[in-house]
Amino acid sequence: MSHHLFLLSPSDTPIYSLTHYSTKLPQPTSSSLSSNLPTWSTSAFAGTLTALSGASSATQSHHVQGGGSVRMGGGQDRHVIQMIANASLDVIEDVMRKESAMYLKSIDKFNEWTVSAFITPGNMKFILLHETKNDDGIRSFFHDVWELYLKTMLNPFHTAHSPIRSIVFDTRVRASAKKYL
């Protein structure tokens with residue numbers, strides 16, 4: 001199970017990104033096509049089923065005896081993840097006009113990915129792509145990242161809206177992701 005975080009400036013320029021692979025066990029997933037077929041056929045034609053369902057081949061699951069599923073592959077293509085995050089920007093801006101909340105939970109969905117966002121008073125956008133629902137953990141994670149971002153902006157040697165390359169920032173965001181996601 002992976003989470004992808006993007007911090008975007010008010011002009012939608014990426015200033016930080018993180019991919020976090022959770023150590024928590026993923027919940028079993030099954031596509032609507034493979035759930036109606038016998039287990040022997042889903043493993044033999046997994047690529048075809050994946051292509052028909054629109055899912056990525058890197059996240060396909062094969063059913064095993066006993067009703068569970070085993071996750072195959074090493075992860076999503078980075079460009080697809082970035083495309084999903086960029087495509088959600090229009091939805092985020094529409095929701096921003098209607099609501100004044102900072103935390104925008106589950107604003108968009110693309111295949112197995114759910115997009116959550118956090119908008120700061122300075123119009124910074126924090127975008128998180130995730131596969132499972134964990135609203136309280138995501139909200140706490142966004143608040144931690146916002147606090148870390150504010151501390152970074154208070155650094156007189158950091159230029160506002162420029163890429164964040166601080167090792168301390170990265171380490172603390174990773175620790176927060178491990179704690180809440």
Side-chain angles (χ1 to χ4, degrees), residues 1-24 26 29 54-59 73-155 157-181:
M1 186 168 36
S2 61
H3 300 85
H4 302 275
L5 173 70
F6 298 95
L7 273 61
L8 303 174
S9 70
S11 62
D12 296 336
T13 305
I15 63 169
Y16 178 78
S17 66
L18 169 77
T19 299
H20 170 73
Y21 296 99
S22 178
T23 57
K24 298 175 184 174
T29 58
S56 170
S57 61
T59 60
Q76 288 283 339
D77 183 25
R78 186 79 180 149
H79 299 293
V80 173
I81 298 299
Q82 290 175 348
M83 186 267 316
I84 295 169
N86 284 328
S88 68
L89 288 174
D90 292 333
V91 177
I92 291 170
E93 290 177 3
D94 288 342
V95 173
M96 280 175 43
R97 287 187 201 110
K98 296 175 186 171
E99 297 181 19
S100 61
M102 292 174 64
Y103 173 56
L104 310 174
K105 58 181 176 181
S106 302
I107 58 160
D108 198 8
K109 189 155 178 73
F110 183 82
N111 286 344
E112 71 271 7
W113 296 103
T114 302
V115 180
S116 296
F118 185 87
I119 312 301
T120 68
N123 205 23
M124 285 289 299
K125 297 171 191 78
F126 299 175
I127 300 173
L128 182 71
L129 275 67
H130 52 96
E131 298 170 293
T132 60
K133 187 171 182 162
N134 178 11
D135 289 336
D136 293 333
I138 292 171
R139 178 187 302 262
S140 298
F141 174 69
F142 275 143
H143 280 282
D144 272 8
V145 173
W146 183 32
E147 183 179 334
L148 293 169
Y149 171 74
L150 288 175
K151 288 178 181 178
T152 302
M153 290 300 109
L154 291 173
N155 181 350
F157 300 108
H158 182 77
T159 307
H161 309 305
S162 64
I164 299 173
R165 293 185 175 90
S166 169
I167 295 171
V168 174
F169 179 83
D170 185 59
T171 303
R172 291 183 179 168
V173 169
R174 289 179 188 278
S176 180
K178 186 175 181 180
K179 180 178 178 181
Y180 293 113
L181 305 177

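Keep in mind that what you see is a predicted model, and the values were worked out from it rather than measured.
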Indicate yes or no: at least one non-hydrogen side-chain atom of [X] is less than 4.5 angstrom from one of [Y].
{"X": "S17", "Y": "F6", "answer": "yes"}
{"X": "H20", "Y": "R174", "answer": "no"}
{"X": "N123", "Y": "M96", "answer": "yes"}
{"X": "V91", "Y": "L104", "answer": "no"}
{"X": "Y180", "Y": "I138", "answer": "no"}
{"X": "H3", "Y": "F141", "answer": "no"}
{"X": "F126", "Y": "M124", "answer": "yes"}
{"X": "Y103", "Y": "D135", "answer": "yes"}

Using 0.5 Å steps for rounding, measure from the [atom1] atom of [X] to the [atom2] atom of [Y].
{"X": "I15", "Y": "R165", "atom1": "CD1", "atom2": "CZ", "answer": "11.0 Å"}
{"X": "D12", "Y": "D90", "atom1": "CG", "atom2": "CG", "answer": "9.0 Å"}
{"X": "I119", "Y": "S100", "atom1": "CD1", "atom2": "OG", "answer": "12.0 Å"}
{"X": "L148", "Y": "L7", "atom1": "CG", "atom2": "CG", "answer": "10.0 Å"}
{"X": "M83", "Y": "N86", "atom1": "CE", "atom2": "CG", "answer": "9.0 Å"}

Using a 6.0 Å cut-off, check whether atom CD1 of I167 has over 12 heavy atoms from anything other than its own residue.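 12 or below, so no.
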Any chance NZ of K133 has more than 12 other-residue heavy atoms, nucleotides or ligands included, within less than 6.0 Å?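 Not more than 12 within 6.0 Å, no.
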Are the side chain of [X] and the backbone N or O of [Y] linked by a donor-acceptor pair below 3.5 Å?
{"X": "N111", "Y": "W113", "value": "no"}
{"X": "E131", "Y": "S2", "value": "yes"}
{"X": "S140", "Y": "D136", "value": "yes"}

Minimum-distance pair of heavy atoms, taken over all atoms of [X] and [Y]:
{"X": "P10", "Y": "G122", "value": "CG-O, 3.4 Å"}
{"X": "K125", "Y": "S9", "value": "NZ-O, 4.2 Å"}
{"X": "H158", "Y": "T152", "value": "CB-O, 3.7 Å"}
{"X": "A160", "Y": "M153", "value": "CA-SD, 4.0 Å"}

Could D94 and K98 be called an ion pair, given the rule that one side-chain N must be under 4.0 Å from one carboxylate O? no
Kindly indicate, with the supporting measurements, whether the criterion side chain to side chain contact (heavy atoms under 4.5 Å, CB included) is fulfilled by T13 and L8. CA-CA 5 Å; T13 305; L8 303 174; over 6 Å; no
Please tell me whether [X] and [Y] have a donor and an acceptor in their side chains that are separated by less than 3.5 angstrom.
{"X": "S116", "Y": "H130", "value": "yes"}
{"X": "D144", "Y": "S176", "value": "yes"}
{"X": "S166", "Y": "R172", "value": "no"}

I'd like to know whether I107 forms a side chain to side chain contact (heavy atoms under 4.5 Å, CB included) with T114, so could you lay out the CA-CA distance, the side-chain angles of the two residues, the decisive distance to 0.1 Å, and finally the verdict. CA-CA 8 Å; I107 58 160; T114 302; over 6 Å; no
Run the side chain to side chain contact (heavy atoms under 4.5 Å, CB included) check on K109 and I84 step by step: do they pass? CA-CA 9 Å; K109 189 155 178 73; I84 295 169; over 6 Å; no
Evaluate V115 against F110 for side chain to side chain contact (heavy atoms under 4.5 Å, CB included), listing each step before the verdict. CA-CA 8 Å; V115 180; F110 183 82; 5.9 Å; no
Just to verify, which of L129, T19, I127, V173 counts as forming a side chain to side chain contact (heavy atoms under 4.5 Å, CB included) with L5?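 The passing option is V173.
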Should Y16 and F169 be marked as a ring pair (Phe, Tyr, Trp, His ring centres under 6.0 Å) after you check the CA-CA gap, both sets of side-chain angles, and the distance that decides it? CA-CA 10 Å; Y16 178 78; F169 179 83; 4.9 Å; yes
Excluding sequence neighbours, so at least two apart, what forms ring-ring contact (aromatic ring centres under 6.0 Å, His included) with H143?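 Per chain and number, H143 pairs via ring-ring contact (aromatic ring centres under 6.0 Å, His included) with F118.
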